[in-house]
Number of protein chains: 2
Amino acid sequence: MTHFVNDIGSVISESIDGYLRVAGGGMLSRAIDEPGVKIVLQQTIDRSKVGLVSGGGSGHEPAHVGFVGQGMLTAAVCGEIFASPSVDAVLTAIRAVTGPAGCLLIVKNYSGDRLNFGLAAEKARAEGLRVEMVIVADDIAIQNAPRPRGIAGTLFVHKIAGYAAVRGQDLAAVKAVAERVAGAVQSIGIASTVCNIPGRATHDRLPDGMAELGLGIHGEPGIERIALPSASDAARIMTDRLGQGPNSAPALAMIINNLGGMPAMEMSLVANAILATEIGRRTAFVVGPAPLMTALDMRGFSISVLPLDADLTESLLAPTSAPSWPGARAVLPVSAQLLTTKPLGATYVASPNPQAKRAVEAVCKALIASEAELNLLDAKVGDGDTGTTMAGAARSVLSAIDHLPLNNSAQLCAAVSDRFTKIMGGSSGVLLSILFAATSSKLAEGASWPAALGAGLDRMEYYGGAREGDRTMLDAFRPAVRALENGDGLNGAALAAEAGAAQTAKMPMARAGRSSYLASRDLDGVPDPGAVAVAKAFGTLRT
Amino acid sequence: MTHFVNDIGSVISESIDGYLRVAGGGMLSRAIDEPGVKIVLQQTIDRSKVGLVSGGGSGHEPAHVGFVGQGMLTAAVCGEIFASPSVDAVLTAIRAVTGPAGCLLIVKNYSGDRLNFGLAAEKARAEGLRVEMVIVADDIAIQNAPRPRGIAGTLFVHKIAGYAAVRGQDLAAVKAVAERVAGAVQSIGIASTVCNIPGRATHDRLPDGMAELGLGIHGEPGIERIALPSASDAARIMTDRLGQGPNSAPALAMIINNLGGMPAMEMSLVANAILATEIGRRTAFVVGPAPLMTALDMRGFSISVLPLDADLTESLLAPTSAPSWPGARAVLPVSAQLLTTKPLGATYVASPNPQAKRAVEAVCKALIASEAELNLLDAKVGDGDTGTTMAGAARSVLSAIDHLPLNNSAQLCAAVSDRFTKIMGGSSGVLLSILFAATSSKLAEGASWPAALGAGLDRMEYYGGAREGDRTMLDAFRPAVRALENGDGLNGAALAAEAGAAQTAKMPMARAGRSSYLASRDLDGVPDPGAVAVAKAFGTLRT
């Protein structure tokens, strides 16, 4: 039991109320509770037009309640989960919607629904109401089935008959188009899990790695059990079974129906596979992929296909106020753009500057020399790779030193940032890249080195989330930059960085960065290796 | 593994293509494939307006791709499942959308996203582009968390900043409203299962009957493990944790987010429970319930709450072409109508008719007398209750015989139909009710008894799905009615019914009705008990 429900007995009523509260919008209404009578209907019913009533067992949401609205159903009658509504409930709905224009019942082909909707229709006729019925049996899973099931293809009947009704066509015409659609639509489903019914233990008959093909929407077993196919194989197997109509029509409409438990990402992938099949390539309009006629949380999908002509296309595309109708959308080729992956600015031009070169080389060599020491420190408080990461970055910069724009400090910082992005793994590489990129931008605006580095550290703090005192390289870098800002020169900066790095050994807990998952006692006395690396770098710049 | 996918390596690309094929509609486009660069963007970008870029790991669909469109995002950058996109991918998106008006990055508060979007922003700035960032950290699960996660509340930022941008506000103003919303929105989630990642074995840490409260959208454990609460308890526990802002605002907007694996029925029920809480009662607009910011197929939901003012309300309600934005809908009380459950026609008035009374009594007594015999027959081919069912119906009619409209044959049939509906269980009761209701309607139109009964049988066939020869009561009833139509009188009808019932013993297989699940050899020589009952009834009418 993994359901979020209250009383099992009131699941349907509470679900309907939740739906109406959010989606009712002053347009939908329900019947006042009576035992066994659960009806959702348009708030204002134009009885000069043919009323459309559908419904059946619950557990298929948004069907059928979600398709009540102008241009689709006039009313939906809801049974308990997977159980037909009572004759009284259907009859009550018929009486509520039927005026001089009459009423069409759209019924999925299950014995219970046929009988209960049927008896209600006969009783309504005996009361003098004009009632007709169309039975939808779109499931093609069983070849030559005497009584094919009605599944998601029923929604095409709702939509197209709904348009005929709202346009003011008479009962005979609405019934005729409904029968035409019901006769032409074909559906087939597949699933890799069964559904879970609130209040009942799950009986998962499907082993991992298996799927059922040709299954209904009530948790009943599928016609065939097969090894779980790939999305493309599933699409091909299913569309291969579609019969003469869909296989010869020049243009098709398709419903891609999530049976309830498929994530949206996977449904899009499945849609892609379906639209790549031969049937898919002739599909002009798709409804979905979306949960439309579900089997609670079953992990699977169904495909319904309807051959189109101009009239059916117009009916399908016509607007409706039914809240859960996702619209029929034109299938288009994927539009792909070639985007600029090259930098927009000027590329760096190598420029010599002996002083800058000496400084860069000194920092790099110091970091390379400290590889083992830094790794040892990091092994105590992290994953032991700080030295290797820093030394790798330093080697990368050294190897390119004669190609760097050494004589343009803004460009030099940008080039170093790029190197770090490419070479250094993990968050420390990104953080140093951010530092140098932001410093570069500030230098380019004419800022001094201390101001630019300060701004770079600000960005590093913002993106990284660490603050001074959090036992990171900031604890050496901030004091060094403050010393520069105070006019203490590079010697002052080096001293400040060293003192800051030493301080980290006494910091009780890391709030961010690699040490944040360790208890304080494990950190005691060990300085942060990132801060030590920064101190070593500044140490080489002493004059 | 229960996923319908193809190559694990191309899950995201195929999903994006499937989405664009169906939802692209000439408005959306993607970047031409480069390793690690997956971007969906508006096909035509107005660079005189602020561009909005969001994204992050995949597996949260429809976020973020589904929210690209006029009035929401300009581009979404997609990482692999639950993994941040690369710096290059983000930078490519920034370059594609950023013109003179600049660009705002909307980033959920995860280290990877902050760093990769952050570095991309700094590099873009270094290239001279105007880029700002807002970080969303709406998850309130962990009290005083140093780094709260960004979850579904992020969608409020997309929508409201999107409106500011499309209205032509400048970068500072768009950023300001985005930060205002990001600072005010609060979210919390709950789930009863973990999610299944394509290509990885499921690690279901949650035992049946347990839930995790305060969990993120990447399958990471929740803050607390609790016994699976009812929908109402979950709603109360979660809304109780919302902080000062939501708790004092007079009007709220709410996102009710399906984490991916909840069926629509249950989400409506949950919405009903949430809207009944104190916070729910102050909620003016709801986005959802729908899968919006999912964790693949996780079975759970999250609630996000934003205090409203006039500006935010206008921004939230403004139209957008983003295909997966479900709109913010006004929460309204449930509208309930008192529907007519009484028959529309005149009620029956008892009327005497000695001849009719004798006939009805004779039929009823014969059926009561045959109870044991019919049960015995049915025990061989069905569930052994035909005699009891028929006798029960007969007793019910007999007990009411002096209250029946005996002198009005149409009304008499309608009254008998009503009795059968109320007394007889199972499909045979409904089928006989249908027969008498349809016969009643025809008689009321002035048809003769044979014509009316023939029409009644037609309806019984239509709704029941059985035909003559299918080993049902039709096999006695049809020949009897044909005899009446041929002018053979009641004696001829009785003979025909008897012969028809006898014939059923030789029928090889039932295509419908109670015997349809038995092998032919089990039926051999046993007549259908329903057909025998009909023959017995006609037998009493011999003159």
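Scope of the values below: all heavy atoms of this structure, side chains included, with no hydrogens, waters or symmetry mates. Reminder, nothing fancy here: chain letters follow the sequence lines and each chain counts from 1.
- Side-chain atoms of B:Ser268 and A:Ser15 include no donor-acceptor pair closer than 3.5 Å.
- For chain B, no part of A:Thr294 is nearby; none of its heavy atoms comes within less than 4.5 Å.
- At least one side-chain heavy atom of B:Arg329 sits less than 4.5 Å from a side-chain heavy atom of A:Pro323.
- Heavy-atom distances place no part of A:Ile16 under 4.5 Å from chain B, backbone and side chain included.
- Both the backbone and the side chain of B:Leu338 come within contact range of chain A, each with at least one heavy atom under 4.5 Å from a heavy atom of that chain.
- With 3.5 Å as the limit, one finds a donor-acceptor pair spanning the side chains of B:Lys123 and A:Thr421.
- Both the backbone and the side chain of A:Ala23 come within less than 4.5 Å of a heavy atom in chain B.
- A:Asn196 and A:Asp297 form a side-chain donor-acceptor contact under 3.5 Å, judged by distance and modelled atom types alone.
- Between B:Tyr463 and A:Glu122, some side-chain heavy-atom pair lies under the 4.5 Å cut-off.
- Heavy atoms closer than 4.5 Å to chain B are found in the side chain of A:Leu275, but not in its backbone.
- Both the backbone and the side chain of A:Ala31 come within less than 4.5 Å of a heavy atom of chain B.
- In this structure, chain B has no heavy atom under 4.5 Å from any part of A:Met298.
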